[in-house]
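All values below were derived from every heavy atom in this structure, side-chain atoms included, with hydrogens, water molecules and symmetry-related copies excluded. In what follows, chains carry the letters A, B, and so on, assigned in the order in which the sequence lines appear, proteins first and then strands, with residues in each chain numbered from 1.
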Amino acid sequence: MIGRVRRLVAGEFLKLYAQPFFYFALVLVFVLTLMAELLVPIFRGQKETLWRSYHSLQLFAYGFKWGLQVATFVLLIFSGMLFAGEFDRGTIKNLLTRPITRLEFFLAKCVTVTTLAALLYVFVFFVSMTYALWRGDLGPVWDDTQFIIMRSHEEIVAHARKAFVITFLPFLAVGFLGILVSNLTESSGYAVAIALLVFIFGSLVSGWLSDRTQQKIFLYYGSYAFDKLLVWSEGGTTRWNPDIDARRLYVSVPLLTIAAFVPSAFGIFRWRNISA
Amino acid sequence: MVAVLQTEGLTKQFGRIKAVQDLNLEVQEGDLYGFLGPNGSGKTTSMRMILRLIRPTAGRVLMFGLEVGANFIGIMQKVGALVELPAYYPYLSAVQNLEILRLASGGVAASRIPEILEVVGLGTRMHDRVRAYSQGMRQRLGIAMALLAKPRLVFLDEPTNGLDPEGINHIREVIQELNRKDGVTFVISSHLLHEVELTCNRIGMIKQGKLIVQDRLDAIISRTVDGLRIAGDPAAKAIALLKGRDGIRDVREEADGRIRVDCDASRFAELNAFLVGNGVTVSELTPARKTLEEFFLSQ
């Protein structure tokens, strides 16, 4: 079974790498990540002085937050097309008449989404971090009027590490949202449109909810983590929500979301008649 | 002979519509089985049920003597299929399309891809994107997909769709050669009766979801004989003599002057002797057959 899933995943990546849109999407993520690091400090009126240049982790926070937003859309588009695209083209029948089970096929798609999510995550990380290290300075954050250290280097790095960890699982959950929606329709266009609508609508609506309610929605954690990091990298202080920390909600909420999406998507796929 | 495919009471109901009813197919090893029926008769639905793409409402499917549901992986290693229109990734080349299926199939050497593309006549265009292929080339690619893993049993749904006469002939030769040389069994679904007649040695006919005939092609052809065509002199006397005869359903003169007699094949020798005995010179006496199409429509 593992061998068959592994081969199917290899096939999935062969398809992915051959799609021009994949490279276009990577370029888009790259450009927007850099633009965020270049332009956000300017729009926010931050100026470099002789004593204080941009902090690398502040630039990283800008870049990673924006880059990840774009990567989220990319992940949603690709995961939304994963099943619906096979139905759309009819290639699902070619694959399901091979010696593979529907479970293996489904698992291969899940592994593909997880791997793609990890690749995009690492890609955004490297782009934003590379530019941030080149353009900004590491080390403590100085107060440029009193020349005292406001935040130590170790403090900021610890928060950057934490923000990085908190963000991955919610990002991955978006991929599984795409997989679920991809099984609701046989048109990849509709699937992507529905997935994007659900995501955008969900993000908007969750913004109106109370903090406590928002914490139960996986969409909350991306902005939350990088907003905190920004405060620290700008020299301010803010506490991580003790509730979220104590109960590791940034792990349990997205994992529970994935755990809800996966069986629902598989149930639909397993019982569906293939008439494509 | 071993039945490589057997369906028992296979039924599919969509709401109130019974698309396939109590289908009992039997395909023997080495058969070139033509699965005939008009559009919408249930051929593709039957194939999809056999290949477990759709769930049957009732009945079961056995391949190589084993129930497909419980032995899917093992069975599908020996099966290839082209169901309805060929499906492909248009942004990939034929080689890449087949590579994906090779990975999914497992145990197929990479060298098999150019080999099978040569067989179906796509050797010179194998690295072109499928998007640029003509309808006929896409159909050939679909057949290559079905034959990729050197299957023992191949399902081809309307395999000559979109092919020109040369292409149809080529694919027919490929099918017959694989059957003859390697003993590959083919189940070919089609609404083109003439094509099936030229390719297959065993036929199942489906009409409104029901199997109406299943037999060897030669046996079916013998059942299509429904009378005699006689060149007799004098023709008018022959017609007059035959008209009053028992067991003769109809007698008429055809445009070329021959006499068409509708009767059972068992009466041929007796009628010949009767005409000759009554002074009619019989210079030609041939069985008159319905075409497979006429036979199908009469069922």
Could you list the donor-acceptor pairs under 3.5 angstrom formed by side chains in residues 251-269 of chain A, with sequence neighbours left out?
{"from": "A/S252", "atom 1": "OG", "to": "A/R248", "atom 2": "O", "distance (Å)": "3.3"}
{"from": "A/T257", "atom 1": "OG1", "to": "A/V253", "atom 2": "O", "distance (Å)": "2.6"}
{"from": "A/S264", "atom 1": "OG", "to": "A/A260", "atom 2": "O", "distance (Å)": "2.6"}

I'd like to know whether [atom1] of [X] has more than 12 heavy-atom contacts from other residues, nucleotides or ligands below 6.0 angstrom.
X: A/M1; atom1: CE; answer: yes
X: B/Q13; atom1: CD; answer: yes
X: A/F126; atom1: CZ; answer: no
X: A/I2; atom1: CD1; answer: no
X: A/F201; atom1: CZ; answer: no
X: A/F21; atom1: CZ; answer: yes
X: A/Y190; atom1: OH; answer: no
X: B/Y91; atom1: OH; answer: yes

Open item on the list: A side-chain contact here means heavy atoms from C-beta on lying under 4.5 Å apart; do B/I100 and A/L95 qualify?
Closed with: yes
TODO: Taking the side chain as every heavy atom from C-beta outward, state whether A/E104 and B/I73 have any atom pair closer than 4.5 Å.
DONE: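 Of all side-chain heavy-atom pairs linking B/I73 with A/E104, at least one is under 4.5 Å.
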- [ ] Name the region of A/E12, side chain, backbone, both or neither, that has any atom closer than 4.5 Å to a heavy atom of chain B.
- [x]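 No part of A/E12 comes within 4.5 Å of chain B.
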Task: Contact class of A/R272 relative to chain B, heavy atoms under 4.5 angstrom - done: backbone
Task: Separation of B/E99 CD from A/L14 CG (nearest 0.5 Å) - done: 6.0 Å
Task: A/N273 side, atom CG; B/R52 side, atom CZ - distance, nearest 0.5 Å - done: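 That separation rounds to 11.0 Å.
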Task: Exercise: identify the closest heavy-atom pair between B/M145 and A/N94 - done: SD-ND2, 3.6 Å
Task: Atom of B/S105, atom of A/P99 and distance for their closest heavy-atom approach - done: O-CG, 3.4 Å
Open item on the list: Would the distance check show the side chain of A/R98 and the main-chain N or O of B/M76 forming a donor-acceptor pair, the cut-off being under 3.5 Å?
Closed with: no
- [ ] Measure from the side-chain N and O atoms of A/K93 to the backbone N and O of B/V83, and report whether any donor-acceptor pair falls under 3.5 Å.
- [x] yes
Open item on the list: For B/Y89, run the side chain to side chain donor-acceptor pair (under 3.5 Å) check against A/K15, A/R89, A/Q19 and tell me which one passes.
Closed with: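 Only match with B/Y89 under side chain to side chain donor-acceptor pair (under 3.5 Å): A/K15.
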Open item on the list: Among residues at least two apart in sequence or on other chains, which ones pass side chain to side chain contact (heavy atoms under 4.5 Å, CB included) with A/Q69?
Closed with: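 By the side chain to side chain contact (heavy atoms under 4.5 Å, CB included) rule, A/Q69 matches A/S223.
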Task: Most contacts with chain A, counted as non-hydrogen pairs under 4.5 angstrom, among B/Q77, B/K78, B/R55, B/R102 - done: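 Top count of heavy-atom pairs under 4.5 Å with chain A: B/R55.
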Open item on the list: Which residues in residues 127-139 of chain B have any heavy atom closer than 4.5 Å to a heavy atom of chain A?
Closed with: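 The list, in residue order, is empty: none.
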Open item on the list: Heavy-atom cut-off 4.5 Å, strictly under: side chain, backbone, both or neither for B/L101 against chain A?
Closed with: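 Contact with chain A is through both the backbone and side chain of B/L101.
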Task: For chain B, the option from A/L8, A/L96, A/I100 that forms the most heavy-atom pairs under 4.5 Å - done: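 Looking at each option in turn, the highest pair count goes to A/I100.
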Open item on the list: Test: ring-ring contact (aromatic ring centres under 6.0 Å, His included). Region: residues 3-58 of chain B. Which pairs qualify, not counting sequence neighbours?
Closed with: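 The answer is none; no pair qualifies.
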